[in-house]
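Both backbone and side-chain heavy atoms feed into the values below; hydrogens, waters and symmetry mates do not. Chain identifiers are assigned alphabetically (A, B, ...) following the order of the sequence lines, protein sequences preceding nucleic acid strands; residue numbering begins at 1 within each chain.
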Protein chains: 2
Amino acid sequence: MSAKVVPFKPEQPERAPSLDPMLAQTASAMNAVNTVILDRMQSEIPLIPSLAGHLIAGGGKRLRPMLTLAGADLIGYQGTRHHKLAAAVEFIHTATLLHDDVVDGSDLRRGKAAANIIFGNPATVLVGDFLFSRAFELMVEDGSLKVLKILSGASAIIAEGEVDQLTAQRQIETSEERYLSIIGAKTAALFAAASRIAAVVAERGDAEERALDDYGRNLGIAFQLVDDAIDYSSSAAEMGKTRGDDFREGKMTLPVILAYARGDEDERRFWKAAIGGHRTTPEDLAHAIRLIERHDAVAATRERARHFAERAVDALAIFPESKARMAMAEAARFAVSRGY
Amino acid sequence: MSAKVVPFKPEQPERAPSLDPMLAQTASAMNAVNTVILDRMQSEIPLIPSLAGHLIAGGGKRLRPMLTLAGADLIGYQGTRHHKLAAAVEFIHTATLLHDDVVDGSDLRRGKAAANIIFGNPATVLVGDFLFSRAFELMVEDGSLKVLKILSGASAIIAEGEVDQLTAQRQIETSEERYLSIIGAKTAALFAAASRIAAVVAERGDAEERALDDYGRNLGIAFQLVDDAIDYSSSAAEMGKTRGDDFREGKMTLPVILAYARGDEDERRFWKAAIGGHRTTPEDLAHAIRLIERHDAVAATRERARHFAERAVDALAIFPESKARMAMAEAARFAVSRGY
């Protein structure tokens, strides 16, 4: 994709977009967030911190709380309220990951055995509930009803998106529009909320809130699109999950939707059988990947992602140029380029 | 138990304690709560209202929201804020039931097939998450940070109690103290919170809040004790769940804890094998029930329940005598006597 990337500052040497500037920008605040996370995942019931810690300490990028921190930096917020709220965002995300692993029967998460494999489904469900409740306790401690409204609303939308995804599973006729609505809910709603609350704690106006919401939402969509592209293009080691998971689970992600739409009758017969769960061997997966490549469906998925990433970058235009804004724009470009 | 019951009004003819007075007292407000419940369990994703409705419309007693309504009545609250909050309480409860059914692999709930059996574990987990989020949305709409604090705190404690119960499963050495701590968290915390918030919306003082909290908490403990007694003493039809579930799952409930404590070496060997999951046939269950009867462990469990029910009744003493108070006191006595 590098040919089309226009760096913010022309003098900057062209290089692959990276998350590093945003990581550097937020590193010191993230230490404070990590302290809150480690402190508030504790419980007198020892299974809770061990299970939660397995995932939380397990090398996630903390991308969602990072958006809260980067947004606060962008608008020059000087306080520390966002540390607790960023931790709440990460707890909500962790709770959904734990429940996802149970829902999907995952084997791997972030390259390690998923929590449900080690601790079983019951404990995984319940510790998810615990973290979800803790997230709300953190928000209540902060005391902003506006933040509570944004994050409880996002949580309900995430759950709706997850149920919708479940309903669409093994449904070959799922459209691109429905797919976008699903990922807009299950993934992008929390990205949007995480970004938006930075403007809320800083007590900025509606325009800033909306701009950060737009940034986060579009970034989230781009992020999920690329995740779904990678599942048909990379190795399990890169992805931290098992390649072909979506294929075996009959998830209607965009690479499949496009390959099916662009395929001939023979190919469509294959896709119906595969998504229906009747052709899920490694050979079937290899065949699926060949069909996806034949129709450039992974590349097209990345192109769609680029579109949303560009919208994310442009949403930041209302803020003055700054290191924070450059880092956030580069994060959006990184979302598109990663996994190549 | 009738010999020991002292009715509030001596002129009232002695009869078995019943929930009917509390049902009558709260009937009209409960209609309003049901409207909120039915309205707010809706979603554009059709699976959500069908799954939620299966349980919500499935004939539960709405005991927890009833406590909020009865409490409001007791203190003469004239507004309607508690309708939404009572619905939020029921949503939290429903979410935990859905997750419990997945955790326990239940077949029956309230005498019908459990949601996980009909809709599968994935949808059941996710709709639980949705209802939980909706509960918080309802609280945010109400706007009381104090109520949010009470109910988010209770939710975290419920999850801790459930995890603790999971940890104690198949652990024959579980003590009565640990058992009381588990049911205090997994059941009584929500009873306490549901009652307490009535005093919060009415903006009464700490004493009223604490009294209602004490009432709810002790009632919840009594209620769970009797539930656990019934699992060794009644038919599945009465209970709405399969008799012997706790036995087969190796749950350390008080009837087992007492029978084990009071048993001889032979009996203890049996209990270790049974709770360990090695003796779970219908004959084993019949033998377990005989041992429990030999040591009056069901009757002792009910006696423990009576103790907590009496504490619940006495907690109401700070409120003037009223129909509402009588109904709440009778509900506590009913909690002990039901299922005989």
Side-chain angles (χ1 to χ4, degrees), chain A residues 43-48 51 92 95-96 98-100 102-105 119-167 169 181-182 185, chain B residues 43-48 51 92 95-96 98-100 102-105 119-167 169 181-182 185:
Chain A
S43 161
E44 283 177 21
I45 316 302
L47 180 53
I48 291 178
L51 197 155
I92 291 175
T96 65
L98 291 173
H99 287 183
D100 277 358
V102 170
V103 164
D104 293 341
F119 299 96
N121 282 344
T124 306
V125 169
L126 296 173
V127 173
D129 290 349
F130 172 79
L131 291 175
F132 199 58
S133 304
R134 262 296 143 81
F136 278 92
E137 289 193 291
L138 283 164
M139 289 180 245
V140 170
E141 284 174 26
D142 174 68
S144 161
L145 279 167
K146 198 163 177 186
V147 168
L148 275 157
K149 181 178 164 67
I150 290 166
L151 282 170
S152 61
S155 299
I157 287 169
I158 292 167
E160 284 185 308
E162 300 267 7
V163 175
D164 201 14
Q165 172 173 266
L166 204 60
T167 314
Q169 212 167 350
S181 150
I182 290 171
Chain B
S43 160
E44 285 176 22
I45 316 302
L47 180 53
I48 290 178
L51 195 157
I92 291 173
T96 64
L98 291 174
H99 288 181
D100 276 358
V102 170
V103 165
D104 291 342
F119 299 95
N121 282 344
T124 305
V125 169
L126 296 173
V127 174
D129 290 350
F130 172 80
L131 292 173
F132 198 59
S133 303
R134 261 295 143 82
F136 279 92
E137 287 192 292
L138 283 164
M139 289 180 243
V140 170
E141 283 172 29
D142 174 68
S144 161
L145 279 167
K146 198 164 176 184
V147 168
L148 275 158
K149 182 179 162 70
I150 290 166
L151 282 171
S152 61
S155 298
I157 287 168
I158 291 167
E160 283 184 310
E162 300 268 7
V163 175
D164 200 16
Q165 173 174 264
L166 203 62
T167 314
Q169 212 167 347
S181 150
I182 289 171

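Across every non-hydrogen atom of B:Glu137 and A:Ala156, the tightest pair is OE1-CB, 3.4 Å. The nearest pair of heavy atoms linking B:Glu160 to A:Ile48 is CG-CD1, 3.6 Å.
The candidate with the highest count of non-hydrogen atom pairs below 4.5 Å against chain B, out of A:Leu47, A:Val163, A:Ile157, is A:Val163. Taking A:His99, A:Lys149, A:Glu162, A:Glu44 one by one and counting their heavy-atom pairs under 4.5 Å with chain B, the maximum is reached by A:His99.
Close approach to chain A, defined as a heavy atom under 4.5 Å from one of its heavy atoms, is seen in B:Val140, B:Gly143, B:Leu145 of residues 138-147 of chain B, taken by number. Interface residues of residues 122-129 of chain B toward chain A, defined by a heavy-atom distance below 4.5 Å and sorted by number: B:Pro122, B:Ala123, B:Val125, B:Leu126, B:Val127, B:Asp129.
Note that CG of A:Asp164 and OG of B:Ser43 are 8.0 Å apart. Values are rounded to the nearest 0.5 Å.
Considering A:Ser155, A:Ser152, A:Ser133 as possible partners of B:Phe132, the one that fulfils the side chain to side chain contact (heavy atoms under 4.5 Å, CB included) test is A:Ser133.
Both the backbone and the side chain of A:Leu148 come within contact range of chain B, judged by heavy atoms closer than 4.5 Å. In this structure, the portion of B:Thr167 lying under 4.5 Å from any heavy atom of chain A is its side chain and not its backbone.
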